[in-house]
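Here is the structure we will look at.
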Amino acid sequence: MEDIKQIVTNSDKLQNDPDGFADLLTEDANLVNIAGRRLHGRENIRAAYRKAMASQLAQVQTRIEIHDAWLVQPDVAVVTATKHVSDERDEPNAPLPDKGAVTFVLAKRGEQWLIASVQTTPIK
């Protein structure tokens with residue numbers, strides 16, 4: 001399970017690197033962020049992250065706290081975690097929750113685990 005958890009940890013470390021983050025995703029990945037924005041496909045996610053990193057969203061930092069990971073099938077895994085959010089944007093914006101429940105679904109492609117889906121739900 002450590003290799004699966006490491007992919008999630010890497011996704012956290014690469015949150016400000018659109019290319020590095022996107023390289024952890026399956027080609028048809030789905031992502032729903034803490035603000036409820038839904039993205040489909042590695043290249044759409046990469047483009048959205050590039051745009052975000054060129055805006056004040058680059059000042060929103062998150063930290064993932066992994067709680068559990070398990071295999072659903074030999075080539076499918078689920079990781080549950082809490083996302084802690086630090087919003088350091090200078091200008092007034094719609095407030096973001098300070099944490100969310102996040103679920104990752106990973107798929108094994110050959111010998112490599114990739115993120116197939118990420119869903120973040122705000123915690124009040």
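Quick note: residue numbers are just sequence positions, from 1. Computed from a predicted model, the values in this text were never measured in an experiment.
- Expressed to the nearest 0.5 Å, how far CH2 of Trp113 lies from CG of Asp75 amounts to 6.5 Å.
- Atom-to-atom distance recorded for Lys13:NZ and Ile64:CD1 is 12.5 Å, nearest 0.5 angstrom.
- Between Leu106 and the options Val76, Leu114, Val8, a side-chain contact (heavy atoms from CB on, under 4.5 Å) holds for only Val8.
- Atom CG in Asn33 sits 9.5 Å away from atom CD in Gln119 (nearest 0.5 Å).
- In this structure, CG in Leu24 is found 6.0 Å from CG in Asn10, a value given to the nearest 0.5 Å.
- When all heavy atoms of Ser11 and Ile115 are compared, the pair lying nearest together is CB-CD1, 3.9 Å.
- Cluster annotation: Val105 and Val32 are assigned to distinct hydrophobic clusters (Ile/Leu/Val/Met/Phe/Trp/Tyr, side-chain heavy-atom contacts under 4.5 Å, transitive).
- When hydrophobic clusters are built by joining Ile, Leu, Val, Met, Phe, Trp and Tyr residues whose side-chain heavy atoms come closer than 4.5 Å, directly or via intermediates, Met1 is grouped together with Val79.
- Minimum interatomic distance between Gly100 and Ile123 (heavy atoms only, all atoms of both residues): C-CD1, 3.6 Å.
- Checking His67, Lys99, Glu65 one by one against Thr82, the side-chain hydrogen bond (donor to acceptor under 3.5 Å, both in side chains) holds for a single residue, His67.
- Note that the CZ atom of Phe104 and the CD1 atom of Ile7 stand 11.0 Å from one another [nearest 0.5 Å].
- Taken to the nearest 0.5 Å, the CG atom of Asp28 stands 11.5 Å off from the CG atom of Asn44.
- Across Ala29 and Ile45, no two heavy atoms sit closer than the pair O-CD1, 4.0 Å.
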*Just do the side chain to side chain contact (heavy atoms under 4.5 Å, CB included) check on Asp17 and Met53 with the steps written out, would you?*
CA-CA 8 Å; Asp17 177 352; Met53 290 303 105; over 6 Å; no
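- Looking at Leu25, Leu39, Thr120 one by one, the single match for side-chain contact (heavy atoms from CB on, under 4.5 Å) with Leu31 turns out to be Leu39.
- Each salt bridge (charged side-chain N to carboxylate O under 4.0 Å, His left out) pair with one or both residues in residues 33-48, not counting sequence neighbours, appears once here: Asp19-Arg46, Asp23-Arg46, Glu43-Arg46.
- When atom types are taken as modelled, the side chain of Gln15 and the backbone of Asp12 share a donor-acceptor pair closer than 3.5 angstrom.
- Considering every non-hydrogen atom in both Ala77 and Ile4, the closest pair reads CB-CD1, 3.6 Å.
- Between Ile66 and Lys5, the shortest heavy-atom contact is CD1-O, 3.7 Å.
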